[in-house]
Amino acid sequence: MERSWGLPSGPMSLTNADAAHTPEPLDPGAVLRRRFAAAVRAAFPEANLPEPSVTIAQNAKFGDYQCSNAMAYAKALGTGLNPRQVAQAIVERLDLGDLAEPVTAANIAGPGFINVTIRPAALGAKVDAMDVPSLGIEVDADAPVTVVDLCGVNLAKQMHIGHLRSTVIGDTLARVLERTLGAAKVKRQNHVGDWGLPIAMVTAKLMSLEKAGKIDLGAITLDDLDRVYKQAKAECEADVDGLAFALAWGMGPKVEAELEAFNAEPLERSAEARRTLVALQNGDGDVRRVWKRLYDVTMSACLQTCARLNANITEAHSAGESSYEERLAPLVAKLKASGVAVVDDGALVVRLEDAGIAEPCIVQKRDGGFLYATTDLAAISHRVSALGASRIIYCVDARQSLHFRQVFAAARKAGLVPASAVLEHAAFGTILGEDNRPFKSRSGESVRLGDVIDEAVEAARGQLAARSRDLPEAELETIARGVALAAIRYTDLSSERTKDYVFSLQRMVAFEGDTGPYLLYALARVNSILRNAAEQRLASAPTCTIEHAAEKSLALALLRYPACVQDVARTLEPHRLCAYLYELAVAFGGFFEACPVLRAETAERRASRLRLCTMTKRVLTDGLGLLGIPAIERM
RNA sequence: GUCCCGGUAGCUCAGUUGGAUAGAGCAGCCGCCUUCUAAGCGGCAGGUCGUGCGUUCGAAUCGCACCCGGGACGCCA
């Protein structure tokens, strides 16, 4: 699989004493992993055992963390030691310092699980250490430049529901990578479908409409263009297959004549579109002017929709297929000259059998035209050479999986990318309607993204109005937009990326349970405490002291944040961050109920809890930010 | 036909890469607001992890076969 940017878990190096010199991680799990690794090395210095894994205990009665490797080690060692004896040997050499309660034979359970309970005192210090600008998320200074291909709008079309996932998932992955690789290392690329016959077809139609005085290009909207596109497409549709069939099977002059008459108009339109395409490619001034207007109107509207989704996608991130147009012929010539591409049935293809792909990648049609794949190859080349990319992540529908396998393999075969470059398709599933077919409106048209956002805002406004007390109208509107945005993005991000899901506005804008609004609500409740504390001039403590079980759960949840973000960066799976933030919000919910802050029993306890609240606010705000969900003060 | 996804509670989904009694949310039932936002919290109930073999101390997770659903497969993008 391509998706394996992270460190592979190989055998431990016996000489590597890294643990002693690098700073101790905030994440207790990571610290434990190091300590366990050291203990394993000490216990079995001769054996080349895999790294131990220390995971969060599934059941609180076993403690906070557990190591389950003793069973596997016993087998790998082959020394006749049973798993409990192996666990015993590890435990005897385990030094957990003051992080956890001492681990003894009593902590070895079942076949050989080693259970660890974190000390509350150590947790407080860890949370304190997390109170730095990075929140403990380390930036990989050696990271390669990474391109995230996202959004992918097309000229003369409103953004529709099919663009939601590419935009939201792509934007989120970019945000996470910006955090873990450094903002300068991440380059977003909106691959705009602004070229080819369909675009020429609209352009031709626009020109004729303008000539007839039926439209004013200066005042035209994307909705107008959308209509013109559909009209032009319908006018160009010809029963070409039917005619070919009739000719091939000699169905007689009458049938042929009928079909030709039926096809005359569409054929003329298609010819016109092809002429327009040639004129466009040759830089014809008037065609170019109309095309540019088409481009500007579309992009202006689409980028506005992106902004409504809080996706950081601008004109600067957008590269039209047109920008690669002049590179296509040289590229294909090079592929042909080097023998990478060969002629097959009149078309030029790159054979990929040696890469395990039966279907070849077609780079030039029999009629000399270039294809989707050709443009993608040119884009890869550009991204590597001009943008300096060593890694390109394509946030595109899973149905294009074969296409990308072909393009990636062809790019490697042609040497367009260094062998070390990583090309990965961060595929996502389709948004389906209630009928389990790709989501369409009742009339069979694609559902406009702008409409979905409008409906979500309206639903959120209704819910807020029904529940909220005394919010001024203006603030209610702002909050409704924020809640709707949280609902939309969280819904799209919270299930596994590669899976399809059935669209349901009602479920999307639900306020209860595992939803975006619930996370905002948790934040609103923290903010409420902090606001009241500020009004009463109550200060938080410089360090927090963990005493109550709910405080401990909250602290443990907070400390998992940096590892979670790194995990998302490694796997490119945003739903892990969603699940984490939900668990954090749940932990805060328990804390909120069980641990009064402003009315705490002592001033010290109150100050300490205020600090926990501050940290919860920081992590929630930061995590929501990575999901592209702006924080709100109240709701 | 070949290849790629998926199948876990009534519904929508997780499951930390093979660990202990499979977890959440919604829907249902029972409790909790004179106390920091009840959009919440606590509890009950709900399961043949598609089916069958296999691998091993241990399988929702790995392998094989089959069933069901979706998708992609040469000159569209």
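Given the structure is predicted, the values throughout are model-derived calculations rather than measurements. Reckoned from all heavy atoms, side chains included, excluding hydrogens, waters and symmetry mates. In the text below, chain A, chain B and the rest are named by the order of the sequence lines, each starting its count at 1.
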Just call it for [X]: base, sugar-phosphate, or nothing, with non-hydrogen atoms closer than 4.0 Å on any strand.
{"X": "A/Ser68", "value": "base"}
{"X": "A/Gln66", "value": "base"}
{"X": "A/Cys67", "value": "nothing"}
{"X": "A/Asp397", "value": "nothing"}
{"X": "A/Tyr501", "value": "sugar-phosphate"}
{"X": "A/Ala57", "value": "nothing"}
{"X": "A/Phe62", "value": "base"}

Determine the Euclidean distance between corresponding [atom1] atoms of [M] and [N]; express it in Å to zero decimal places.
{"N": "B/rC76", "M": "B/rA24", "atom1": "C1'", "result": "43 Å"}
{"N": "B/rC62", "M": "B/rU16", "atom1": "P", "result": "10 Å"}
{"N": "B/rG46", "M": "B/rA9", "atom1": "P", "result": "15 Å"}
{"N": "B/rG52", "M": "B/rA38", "atom1": "P", "result": "48 Å"}
{"N": "B/rC68", "M": "B/rU51", "atom1": "P", "result": "15 Å"}
{"N": "B/rU35", "M": "B/rU48", "atom1": "C1'", "result": "49 Å"}
{"N": "B/rU56", "M": "B/rG63", "atom1": "P", "result": "15 Å"}
{"N": "B/rA45", "M": "B/rC29", "atom1": "C1'", "result": "8 Å"}

Between the protein and nucleotides 31-35 of chain B, which nitrogen or oxygen pairs are less than 3.5 angstrom apart?
from: B/rU35; atom 1: O2'; to: A/Arg599; atom 2: NE; distance (Å): 2.9
from: B/rU35; atom 1: O2'; to: A/Arg599; atom 2: NH1; distance (Å): 3.0

Side chain of [X]: nearest nucleotide among [options]?
{"X": "A/Met635", "options": "B/rC36, B/rG25, B/rA39", "result": "B/rA39"}
{"X": "A/His575", "options": "B/rA39, B/rG6, B/rG15", "result": "B/rG15"}
{"X": "A/Arg405", "options": "B/rC3, B/rC36, B/rG6", "result": "B/rC3"}

Strictly below 4.0 Å, N to O, side chains only: are [X] and [Y] in salt-bridge contact?
{"X": "A/Arg489", "Y": "A/Asp492", "answer": "no"}
{"X": "A/Glu583", "Y": "A/Arg560", "answer": "yes"}
{"X": "A/Arg467", "Y": "A/Glu512", "answer": "yes"}
{"X": "A/Arg399", "Y": "A/Asp397", "answer": "yes"}
{"X": "A/Asp64", "Y": "A/Lys552", "answer": "yes"}
{"X": "A/Arg33", "Y": "A/Glu51", "answer": "no"}

Query raised in the report: Any idea if B/rU16 is syn or anti, going by the 90°-from-0 cut?
Result: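 Anti for B/rU16; the angle lies over 90° from 0.
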**Report entry** Syn or anti conformation of B/rC32, syn meaning chi within 90° of 0
**Finding:**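 B/rC32: anti.
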Query raised in the report: Do A/Arg34 and A/Pro25 come close enough that some side-chain heavy atom pair is under 4.5 Å?
Result: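 Yes; the side chains approach each other to less than 4.5 Å.
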Query raised in the report: Any idea how A/Tyr518 and A/Tyr582 line up, ring-wise: parallel (<30°), tilted (30 to 60°), or perpendicular (>60°)?
Result: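 Plane angle between 30° and 60°, so tilted.
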Query raised in the report: Do the ring planes of A/Trp291 and A/Trp195 sit parallel (below 30°), tilted (30 to 60°) or perpendicular (above 60°)?
Result: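 Perpendicular: the ring planes of A/Trp291 and A/Trp195 meet at over 60°.
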Could you tell me how far apart [X] ([atom1]) and [N] ([atom2]) are, to the nearest whole angstrom?
{"X": "A/Glu321", "N": "B/rA77", "atom1": "CD", "atom2": "C1'", "answer": "7 Å"}
{"X": "A/Arg497", "N": "B/rG6", "atom1": "CZ", "atom2": "C1'", "answer": "15 Å"}
{"X": "A/Asn59", "N": "B/rA24", "atom1": "CG", "atom2": "C1'", "answer": "15 Å"}
{"X": "A/Ile431", "N": "B/rC13", "atom1": "CD1", "atom2": "P", "answer": "12 Å"}
{"X": "A/Glu573", "N": "B/rU16", "atom1": "CD", "atom2": "P", "answer": "10 Å"}
{"X": "A/Glu496", "N": "B/rU16", "atom1": "CD", "atom2": "C1'", "answer": "13 Å"}
{"X": "A/Glu512", "N": "B/rC26", "atom1": "CD", "atom2": "P", "answer": "7 Å"}
{"X": "A/Phe511", "N": "B/rA38", "atom1": "CZ", "atom2": "P", "answer": "15 Å"}

Query - Residue closer to the 5' end of RNA chain B, A/Phe592 versus A/Ala579 (nearest nucleotide) - result: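 It is A/Ala579 whose nearest nucleotide is closer to the 5' end.
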Report task. With RNA chain B as reference, determine whether A/Val586 or A/Lys61 sits nearer its 5' end, using the nearest nucleotide of each. Result ->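 Result: A/Lys61.
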Query raised in the report: Who are the salt bridge (Lys or Arg N to Asp or Glu O under 4.0 Å) partners of A/Arg461, not counting sequence neighbours?
Result: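 For A/Arg461, the residues satisfying salt bridge (Lys or Arg N to Asp or Glu O under 4.0 Å) (neighbours in sequence not counted) are A/Glu477.
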**Report entry** Spacing of CG belonging to A/Leu538 relative to CZ belonging to A/Arg609, to within rounding of 0.5 Å
**Finding:**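 That separation rounds to 14.0 Å.
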Query raised in the report: How long is the gap from CD on A/Glu475 to CD on A/Glu633, to the nearest 0.5 Å?
Result: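 Answer rounded to 0.5 Å: 8.5 Å.
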Query raised in the report: For RNA chain B, what are the stems built from at least three Watson-Crick or G-U pairs in a row, each pair having both distances below 3.5 Å?
Result: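 Expected stems, ordered by start: B:1-7 with B:67-73, B:10-13 with B:23-26, B:28-32 with B:40-44, B:50-54 with B:62-66.
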Query - Positions of residues 513-526 of chain A (non-hydrogen atom under 4.0 Å from RNA chain B), listed by number - result: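 By residue number: A/Gly513, A/Asp514, A/Tyr518, A/Tyr521, A/Ala524, A/Arg525.
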Would you list the protein and nucleotides 68-76 of chain B atom pairs, both N or O, that sit under 3.5 Å from each other?
from: B/rG71; atom 1: OP1; to: A/Arg437; atom 2: NH1; distance (Å): 3.3
from: B/rG71; atom 1: OP1; to: A/Arg437; atom 2: NH2; distance (Å): 3.0
from: B/rC73; atom 1: O2'; to: A/Glu359; atom 2: OE2; distance (Å): 3.0
from: B/rG74; atom 1: O6; to: A/Asp344; atom 2: OD2; distance (Å): 3.1
from: B/rC75; atom 1: O2; to: A/Arg366; atom 2: N; distance (Å): 2.7
from: B/rC75; atom 1: N4; to: A/Asp345; atom 2: O; distance (Å): 2.7
from: B/rC75; atom 1: N4; to: A/Asp345; atom 2: OD2; distance (Å): 3.0
from: B/rC75; atom 1: N4; to: A/Arg366; atom 2: NH2; distance (Å): 3.2
from: B/rC76; atom 1: OP2; to: A/Lys365; atom 2: NZ; distance (Å): 3.0

Requested in this report: Report yes if a side-chain nitrogen or oxygen of A/Lys499 is closer than 4.0 Å to either non-bridging phosphate oxygen (OP1 or OP2) of B/rU12; otherwise report no.
Outcome: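 So the side chain of A/Lys499 is outside the cut-off, no N or O lying under 4.0 Å from OP1 or OP2 of B/rU12.
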Could you tell me which non-hydrogen atom of [X] sits nearest to which non-hydrogen atom of [Y], and how far apart they are?
{"X": "A/Ser553", "Y": "A/Ala587", "value": "O-CB, 4.2 Å"}
{"X": "A/Cys595", "Y": "A/Glu551", "value": "SG-CG, 3.9 Å"}
{"X": "A/Asp500", "Y": "A/Gly429", "value": "OD1-CA, 3.2 Å"}

Report task. Output, in order, the C-alpha distance, side-chain angles, deciding distance and verdict of side chain to side chain donor-acceptor pair (under 3.5 Å) for A/Tyr490 and A/Asp514. Result -> CA-CA 9 Å; A/Tyr490 192 83; A/Asp514 187 4; 2.5 Å; yes
Identify each atom pair where a protein N or O and an N or O of nucleotides 57-64 of chain B are less than 3.5 Å apart, giving names and distance.
none

Requested in this report: Establish, for the pair A/Arg497 and A/Phe428, whether the NZ or CZ atom is under 6.0 angstrom from the six-membered ring centre and no further than 45 degrees off its axis.
Outcome: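 Pair A/Arg497/A/Phe428 does not count as cation-pi.
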Query - Heavy atoms of other groups near A/Lys233 NZ, more than 12 under 6.0 Å - result: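 No, NZ of A/Lys233 has 12 or fewer neighbouring heavy atoms, counting only those of other groups under 6.0 Å.
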